[in-house]
Amino acid sequence: DTGVSQNPRHKITKRGQNVTFRCDPISEHNRLYWYRQTLGQGPEFLTYFQNEAQLEKSRLLSDRFSAERPKGSFSTLEIQRTEQGDSAMYLCASSALNSGTGELFFGEGSRLTVL
Amino acid sequence: TQLLEQSPQFLSIQEGENLTVYCNSSSVFSSLQWYRQEPGEGPVLLVTVVTGGEVKKLKRLTFQFGDARKDSSLHITAAQPGDTGLYLCAGGSGAGSYQLTFGKGTKLSVIP
């Protein structure tokens, strides 16, 4: 399978705990994105990497959120001191550097439930 | 802030019927994409339109980008149960920004 891979697919945690999600993009894609989707809403942009550089961050990305892509391949999204409002599907997507119109290829998502 | 409004929010139709869903904005987008998402899965790209007035067909699906690049429509002919899902439109603003703005989606149910 050469698509975008995310894990874990589901995570249930207690409020105040830290969680980390991993995304493995399509291997030849330089661009990697994190989006968040809550029930009844479309995906909301969180952050974007080109290779290892984090080039854009949404104001939705509070200080408790940090994303990394250390070697320009896989990425991690960490949420510290989780709150119930963090419950959502966290989607990773990748795209090719020469994709001028920005078509995104999404993973299956990591669903977070904060109790 | 660029917003995309999709209508209707929910649509339930019988197999074989035709339908159109809409995606509207007051902002101009450099490109517009349509995705379909099934429960518990990530969105899957259906089509990208970039030129005002552009029409693209994908089997029974017809996509149109408005002349002013502010709106788009998706028309499905002879809907089938396999068309059931959440249809999302997403706009790209260009100008060096690679984030997409998504609408809330139209949830389509096609009843056999």
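Below, chains carry the letters A, B, ... as their sequence lines are ordered, and counting in each starts from 1.
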If you count heavy atoms of other groups shown closer than 6.0 angstrom to [atom1] of [X], is the number above 12?
X: L115(A); atom1: CG; answer: yes
X: K56(B); atom1: NZ; answer: yes
X: R60(B); atom1: CZ; answer: yes
X: E68(A); atom1: CD; answer: no
X: E78(A); atom1: CD; answer: yes
X: L58(B); atom1: CG; answer: yes

> Would L88(B) end up clustered with L45(B) when hydrophobic side chains under 4.5 Å apart are linked, directly or stepwise?
Replying inline: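 Yes; L45(B) is reachable from L88(B) via cluster members.
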>> Using every non-hydrogen atom in the two residues, find where Q33(B) and E103(A) come nearest and quote the distance to one decimal.
In response: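 It is NE2-N, 3.5 Å.
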>> Do L104(A) and Y35(B) have side chains that approach each other closer than 4.5 Å (heavy atoms only, starting at C-beta)?
In response: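 Yes, their side chains come closer than 4.5 Å.
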>> Ring centroids only, cut at 6.0 angstrom: are F102(B) and F45(A) within range, meaning strictly under it?
In response: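 No: the rings miss the under 6.0 Å criterion.
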>> Between L32(B) and chain A, with a heavy-atom cut-off of 4.5 Å, which part of the residue counts as in contact: side chain, backbone, both or neither?
In response: neither
> At a heavy-atom separation under 4.5 Å, does Q6(B) approach chain A through its side chain, its backbone, both, or neither?
Replying inline: neither
>> Let's test your reading of the structure: which of G105(B), P43(B), G40(B), G103(B) forms the most heavy-atom pairs below 4.5 Å with chain A?
In response: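 Max contact count across the listed options: P43(B).
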> Using a cut-off of under 4.5 Å for heavy-atom pairs, which of K107(B), Q37(B), Q9(B) has the most such pairs with chain A?
Replying inline: Q37(B)
> Using a cut-off of under 4.5 Å for heavy-atom pairs, which of G42(A), P43(A), G109(A), G40(A) has the most such pairs with chain B?
Replying inline: P43(A)
> So which part of Q37(A) gets closer than 4.5 Å to some heavy atom of chain B, the side chain, the backbone, both or neither?
Replying inline: side chain
> Counting only N and O atoms by type, is there a donor-acceptor contact under 3.5 Å from the side chain of Y35(A) to the main-chain atoms of L100(B)?
Replying inline: yes
